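Just below is one structure, and these are the notes that go with it.
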Amino acid sequence: MFKVSSSGFSQECDRWLDALTTAKSLMPNCKWMQDVRIFEDGHLVWIYSRSHKYPQFVGAGTYDRLAKRFLLETIADENAASGRDEE
């Protein structure tokens, strides 16, 4: 379970893709001293703030683990979509 939070905003997501999409949609509204965070099971795994040029992954191996999850979720979405197209 993922939780996306920012100033005055909080949303829970079951999938990494959904959490990342939600967080990226909040990035343009982020002011100088605010940030956008994603937590996985209560642990911070991703943070964006204006003080860094790019979002930061937090923790050893986090980027690799979440990149693999991103690929698996994308493949699952494509397989589901191709299954609907064949019907």
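Bear in mind that the values here come from a model prediction, so they are computed numbers and not experimental data.
- Atom CG in L17 sits 4.5 Å away from atom OG1 in T74 (nearest 0.5 Å).
- Between W46 and V4, every side-chain heavy-atom pair lies at or beyond the 4.5 Å cut-off.
- Expressed to the nearest 0.5 Å, how far OG of S49 lies from CZ of R37 amounts to 8.5 Å.
- Side-chain contact between K3 and I38 is absent, with no heavy-atom pair separated by less than 4.5 Å.
- Pairs passing the side-chain hydrogen bond (donor to acceptor under 3.5 Å, both in side chains) check and including a residue from residues 58-68, sequence neighbours excluded, read E40-R65.
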With a cut-off of 3.5 Å and sequence neighbours excluded, list every side-chain donor-acceptor pair involving residues 24-31.
from : atom 1 : to  : atom 2 : distance (Å)
S25  : OG     : T22 : O      : 2.6

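- Residues that satisfy the side chain to side chain contact (heavy atoms under 4.5 Å, CB included) test with H43, not counting sequence neighbours, are absent from this structure.
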Exercise for review: Please lay out, stage by stage, how V58 and I47 fare under the test side chain to side chain contact (heavy atoms under 4.5 Å, CB included).
Suggested key: CA-CA 8 Å; V58 179; I47 187 168; 4.2 Å; yes
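- Every residue meeting the ring pair (Phe, Tyr, Trp, His ring centres under 6.0 Å) condition with F2, not counting sequence neighbours, appears here in chain and number order: W16.
- Cluster membership for F70 and F39, using ILVMFWY side-chain heavy atoms within less than 4.5 angstrom, is not shared.
- Note that CG of L44 and CD of Q56 are 11.0 Å apart. Values are rounded to the nearest 0.5 Å.
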Could you give the side-chain donor-acceptor pairs of residues 6-14 under 3.5 Å, partners two or more places apart or in another chain?
from : atom 1 : to  : atom 2 : distance (Å)
S6   : OG     : D35 : O      : 3.1

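- For R15, the side chain to side chain donor-acceptor pair (under 3.5 Å) partners are D18, D77, not counting sequence neighbours.
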